[in-house]
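Before any comments, here is the structure.
Note that the numbering runs from 1 along the sequence shown for the chain. As the structure lists them, so they are numbered: ligands from 1, and atoms in each ligand from 1. The basis for the numbers below is simple: all heavy atoms, side chains too, and nothing from hydrogens, waters or symmetry mates.
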Amino acid sequence: MSKTVISGTGLYTPNESISNNELVEAFNAYAQLHNLEHKDAIAAGHEEPLQPSSAEFIEKASGIKNRYVMNKAGILDPERMVPLLPERSNDEPSIQCEMAIAAANEAMATAGKVAADIDMVLVAASNLQRAYPAMAVEIQDALGIKGFAFDMNVACSSATFGLQQARDSVASGSARCVLMVNPEICTGHLNFKDRDSHFIFGDVCTAVIVENADTATAAEQYEILGSKLQTIYSNNIRNNFGFLNRGDESGIGKADKLFVQEGRKVFKEVCPAVAKQIAEQLDELNILPSQLKRMWLHQANLSMNQLIARRVLGRDATETEAPTILDEYANTSSAGSIIAFHKARNDLQSGDLGVLCSFGAGYSIGSLVIRKV
Ligand code: CO8
């Protein structure tokens with residue numbers, strides 16, 4: 001396989017953000033309204049009252065303190081609890097396209113690429129705002145890129161699975177240079193009326209350029225030494241939203257048409273599987289865990305990352321070794337490990353090794369071992 005490198009990354013961060021305190025205040029106002037509306041059923045014992053949320057619980061259970069969002073007012077309105085994102089006409093750029101262009105422009109600039117250098121655009125994200133035409137084709141057109149484009153969805157592992165697709169395409173010669181973007185509008189499919197999950201996600205977009213080492217001119221490049229993907233079927237993270245919903249009106253608007261999970265089960269089942277995959281991958285590449293300078297892990301839960309890093313390294317990782325961005329961004333699905341990679345790599349030296357790893361619904365686990373050129 002010819003050498004493939006990551007030669008640029010980009011990050012679009014929404015202008016608006018919500019702290020835990022703001023989110024909890026809105027949820028508790030909603031719960032109060034709900035309990036008042038259902039007071040007779042609650043008094044008769046037919047219904048349980050909604051319990052208040054707590055900012056202390058959120059930070060302790062997840063490590064999340066804040067999240068960026070595409071629309072704050074709609075989410076914090078206790079009578080709405082959904083982002084307010086007005087539909088656009090077919091002649092206007094769609095919202096995911098706008099986010100993608102901002103992140104893509106930064107990635108292309110750092111890689112020293114213009115549209116004519118790129119011949120494949122991949123949108124890898126956990127939810128796409130429409131069925132077709134592919135978001136990737138709209139983004140390709142907006143950037144003036146020739147060649148081909150398509151969308152893919154592997155939930156939280158979309159980006160790492162996308163990077164392997166990019167690497168394979170470059171190595172096989174079906175593309176010269178790939179732009180992979182992850183426009184994650186997680187608040188669009190988060191149930192802000194559910195105390196167990198209302199705090200988990202935020203919005204963001206990341207972008208990565210992958211190309212053959214022979215064409216790369218960027219000052220900073222990372223060779224992809226290996227990529228490993230794994231999927232194990234599980235219903236513990238699920239979203240039943242889809243085009244068949246209209247075939248049974250009784251299910252429309254039900255909680256299972258948004259993100260639902262069994263958080264504890266996910267934690268217990270996914271952490272050991274991720275640590276095992278990374279350990280096996282390093283072994284296959286004859287790399288000792290002690291040689292790793294950095295682990296850019298999926299950003300879902302701080303304790304999960306600490307546990308995975310401990311299992312891989314055989315000791316606690318420092319914040320430098322396994323950087324955290326979820327305190328500021330929350331879980332941004334597939335973009336999380338890419339944000340960490342984008343923000344926490346400036347200190348690395350030529351030859352330094354790192355692992356970029358995601359895990360999530362499916363279950364899906366994707367890991368790439370990379371070396372700074
Ligand atoms: N405030 C106060 N109390 C609360 C709250 C709250 N907000 N929420 C729950 N509680 C209570 C519970 O009711 C429970 O009470 P009791 O003990 O009386 O039953 C108690 O607190 C403990 O609750 P949990 O057991 O649920 O708490 P945990 O310690 O397990 O923490 C977490 C919950 C943070 C969700 C944790 O389980 C976790 O992070 N697990 C891993 C989840 C994960 O990583 N999932 C990955 C999913 S992401 C993915 O794959 C992408 C999907 C596609 C994107 C979707 C975008 C929307």
Side-chain angles (χ1 to χ4, degrees), residues 20-28 30-31 48-65 67 69-70 75 81-83 124-129 152-161 182-204 231-241 255-274 297-308 324 326-327 329-337 357-366:
N20 286 350
N21 281 333
E22 289 173 304
L23 192 73
V24 163
E25 194 183 322
F27 177 88
N28 290 348
Y30 157 75
E48 289 295 320
L50 293 182
Q51 297 300 317
S53 184
S54 131
E56 292 70 35
F57 169 87
I58 294 170
E59 191 175 338
K60 190 160 171 282
S62 68
I64 296 165
K65 298 178 187 168
R67 71 280 300 139
V69 296
M70 294 305 285
I75 294 169
M81 308 292 275
V82 176
S126 53
N127 274 270
L128 298 157
Q129 73 179 80
M152 55 178 281
N153 175 1
V154 199
C156 283
S157 288
S158 299
T160 53
F161 277 55
N182 321 106
E184 293 285 11
I185 310 185
C186 298
T187 58
H189 41 105
L190 178 55
N191 185 354
F192 286 99
K193 296 179 177 174
D194 172 35
R195 182 177 80 141
D196 290 343
S197 63
H198 76 121
F199 55 88
I200 294 182
F201 292 98
D203 303 331
V204 83
T231 44
I232 310 156
Y233 187 61
S234 167
N235 282 321
N236 289 333
I237 311 169
R238 195 164 173 120
N239 183 336
N240 285 329
F241 181 76
D256 72 320
K257 307 304 182 300
L258 293 169
F259 167 87
V260 284
Q261 74 162 353
E262 296 277 348
R264 291 250 158 158
K265 286 189 190 158
V266 174
F267 199 113
K268 266 201 203 125
E269 292 170 6
V270 168
C271 290
V274 174
L297 297 174
H298 175 50
Q299 303 282 319
N301 178 294
L302 184 57
S303 309
M304 269 181 122
N305 285 10
Q306 288 168 339
L307 178 58
I308 290 165
T324 306
L326 66 84
D327 52 346
Y329 281 83
N331 184 341
T332 51
S333 196
S334 76
S337 58
C357 178
S358 70
F359 40 87
Y363 298 131
S364 56
I365 306 172

Parallel, tilted or perpendicular: rings of His198 and Phe27 (30°, 60°):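 Phe27 and His198: tilted rings.
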Parallel under 30°, tilted from 30 to 60°, perpendicular over 60°: which one fits the rings of Phe259 and Phe201?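 Judged by the thresholds at 30° and 60°, the geometry between Phe259 and Phe201 is perpendicular.
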Value rounded to 0.5 Å, distance of NZ in Lys268 from CE in Met304: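 Interatomic distance, Lys268 NZ to Met304 CE, rounded to 0.5 Å: 12.0 Å.
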Measure the spacing between CD1 of Ile200 and OG1 of Thr187 and express it to the nearest 0.5 Å.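 Going from CD1 on Ile200 over to OG1 on Thr187, the span is 13.5 Å.
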Select all protein residues for which some heavy-atom-to-ligand 1 distance is less than 4.0 Å, and list them by chain and number.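 Protein residues near ligand 1 are Ser53, Ser54, Phe57, Ala61, Ser126, Cys156, Cys186, His189, Arg195, Asp196, His198, Phe199, Phe201, Ile237, Phe259, Gln261, Gly263, Arg264, Val266, Ala300, Asn301, Met304, Asn331, Ser333, Gly360, Ala361.
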Passing candidate, side-chain contact (heavy atoms from CB on, under 4.5 Å) with Asn236, options Arg264, Gln261, Glu269: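 Result: among Arg264, Gln261, Glu269, Glu269 is the only option passing the side-chain contact (heavy atoms from CB on, under 4.5 Å) with Asn236.
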For Glu184 and Ser126, test the side chains for any donor-to-acceptor distance below 3.5 angstrom and give the result as yes or no.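 Their side chains do contain a donor-acceptor pair, which is all the 3.5 Å distance test asks for.
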